[in-house]
Student: 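Here you go, one structure.
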2 protein chains.
Amino acid sequence: MEKPLSPRSAAKRTAMLDAAQRCFLESGYASTSVDEVATRAGVSKATIYAHFASKDDLFGAIICRRCDDQAEGLSSLSLPVSSDARTILTAIAHRLMALFLSPEVMGIYRIVIAEAARHPELAKTWYEAGPLRGKQRLCDVFDDLKRRGLLDFDDTRRAVDAFVSMLRGECFHRVMINLPPNPHFSTEATIETAVNFALKAFAPKV
Amino acid sequence: MEKPLSPRSAAKRTAMLDAAQRCFLESGYASTSVDEVATRAGVSKATIYAHFASKDDLFGAIICRRCDDQAEGLSSLSLPVSSDARTILTAIAHRLMALFLSPEVMGIYRIVIAEAARHPELAKTWYEAGPLRGKQRLCDVFDDLKRRGLLDFDDTRRAVDAFVSMLRGECFHRVMINLPPNPHFSTEATIETAVNFALKAFAPKV
DNA sequence: CACAAACTAAACCAACCAGTTTAGTTTGTG
DNA sequence: CACAAACTAAACTGGTTGGTTTAGTTTGTG
């Protein structure tokens, strides 16, 4: 079912996907030529078309592979053992920020936004495999914090969404559009602000 | 200096910019052909190249015009007369959300992200004329609320950034990548959640 | 009416691109 | 060694693109 798994030269496939990803993230979908992908993958164009039905199919394969990777990456979002809400939120925030600002996640994010209009299914697949599942995991964490009386809120999903969104402020935006960083909105400052606000907004009743 | 202002047929120019904007926002920069822009503007291709040096120049002109429009749009961000923090924050949030979700702002946002790598100066120009100035205006509003003892926070810019960012959550993201809306994260719910959290996080000391 | 600026349609150019085909080479396996 | 699957380089097709040019038309003004 899953594909009989071709011999060792499935390394070619990886090379193609890697090269294509780099090309697409650098230049966008339309501006990337299959010839260039072939060259950078050290592979002939015919081989690309032997593995993928079309340029579109190749693009889809990249997004799907990314979705699988994301699933793994999520497991690193474990929460540290602590009874201090600030410690836990800060640790989560650090991991999230590192994830958001990583070149791969950032690059895929940019291209999904750019291509969402022409590849709606891919955008949906990516969003559900990545951001949505990530938030679901965070919901578990937040529910646990609530159960332990460290935080309080009415709606877990909305609390998580607000917390995550606060991390995606000025700092995130500047990186996304290649602007130089603003020291007043450094990664550290962003995390600290978000955690401070969350601690107040989600403070348990006394 | 400013350009001697061509005769009435600068209406052509507007038509070209309008058509180009629609094309670029629909299909992205690379997938839009100058011929198509010409057709949709009801103009010959030669006329386009008489007004703009290149496709790139045309693209730049659109972003710049958008920056001017944004400057105007900001003045509509006046705050209502009220001594209730919730009322004021809710009113601001409504205006911001309407702005963020409007097709033009959304479209420009998408394309700036997509083209930031190849047009860094434009991304900078747009960001400073739009989001940055918008936040500066909000800082004035927030400072005023603090002065009146309705809210409290240490750093105005960070408070504003956090508030604005909370509005750009799940709801905003779904629109951005053309996903169907999730009723649990409706515009109204997003605003209510953000305002509730802000009121707690920015509550004045008793 | 005359004149110049701005416009038009259409042909044109050189470059590029997705995708195919051909003819030949590598490579692992029995 | 033999055989088949996977690969390669390179040429080729049909189509598109940014940009230019040409030759002719509209338009407003004195």
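On a predicted model such as this, the values are computed, not experimentally measured, just so you know. Residue numbers begin at 1 in each chain, while the letters A, B, ... track the order of the sequences.
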Student: Tell me whether the centres of the aromatic rings in A:Phe197 and B:Phe202 are closer together than 6.0 Å.
Tutor: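 Ring-ring flag for A:Phe197/B:Phe202: true, centres closer than 6.0 Å.
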Student: Whole angstrom is fine here: how far is it from CG in A:Asp56 over to P in C:dG19?
Tutor: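 Interatomic distance, CG of A:Asp56 to P of C:dG19: 8 Å.
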Student: Atom CZ of A:Arg13 and atom C1' of D:dA5: how far apart are they, to the nearest Å?
Tutor: 17 Å
Student: Quick one: A:Lys45 NZ to D:dC12 C1', roughly how many Å, whole number?
Tutor: 10 Å
Student: Any donor-acceptor pair under 3.5 Å linking the side-chain atoms of B:Arg65 with those of B:Gln21?
Tutor: yes
Student: B:Thr47 near the nucleic acid: base, sugar-phosphate alone, or nothing, with a heavy-atom cut-off under 4.0 Å?
Tutor: base
Student: Expressed in angstrom and rounded to an integer, what is the separation of B:Tyr49 atom OH from D:dT22 atom C1'?
Tutor: 18 Å
Student: For the side chain of A:Val43, starting at C-beta, report the closest nucleotide among D:dT8, C:dA9, D:dG18.
Tutor: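 For A:Val43, the side-chain atoms sit closest to D:dT8.
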Student: What is the nucleic acid contact for B:Thr39, judged by heavy atoms within less than 4.0 Å: base, sugar-phosphate only, or nothing?
Tutor: nothing
Student: Figure out the CG/P separation between A:Asp35 and D:dC12, and round it to whole Å.
Tutor: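 Checked: the CG to P distance equals 16 Å.
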Student: Assess B:Lys55 against B:Tyr29: is NZ or CZ under 6.0 Å from the centre of the six-membered ring, and within 45 degrees of the ring's axis?
Tutor: yes
Student: Starting at the 5' end of DNA chain C, which residue's closest nucleotide do you reach first, A:Tyr29 or A:Ala46?
Tutor: A:Tyr29
Student: Could B:Arg168 and B:Phe100 be counted as a cation-pi pair, given that NZ or CZ must be under 6.0 Å from the ring centre and within 45° of the axis?
Tutor: yes
Student: Does B:Lys12 have a side-chain nitrogen or oxygen under 4.0 Å from the phosphate oxygens OP1 or OP2 of C:dT8?
Tutor: yes
Student: Taking atom types as they are modelled, is there a donor-acceptor pair under 3.5 Å from the base of D:dG19 to the side chain of B:Lys55?
Tutor: no
Student: Looking at A:His51, does any N or O in its side chain come under 4.0 Å of the phosphate oxygens OP1/OP2 on D:dC7?
Tutor: yes
Student: Using a heavy-atom cut-off of 4.0 Å across all strands, would you classify A:Ala50 as base, sugar-phosphate, or nothing?
Tutor: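 A:Ala50: no heavy atom of the nucleic acid under 4.0 Å.
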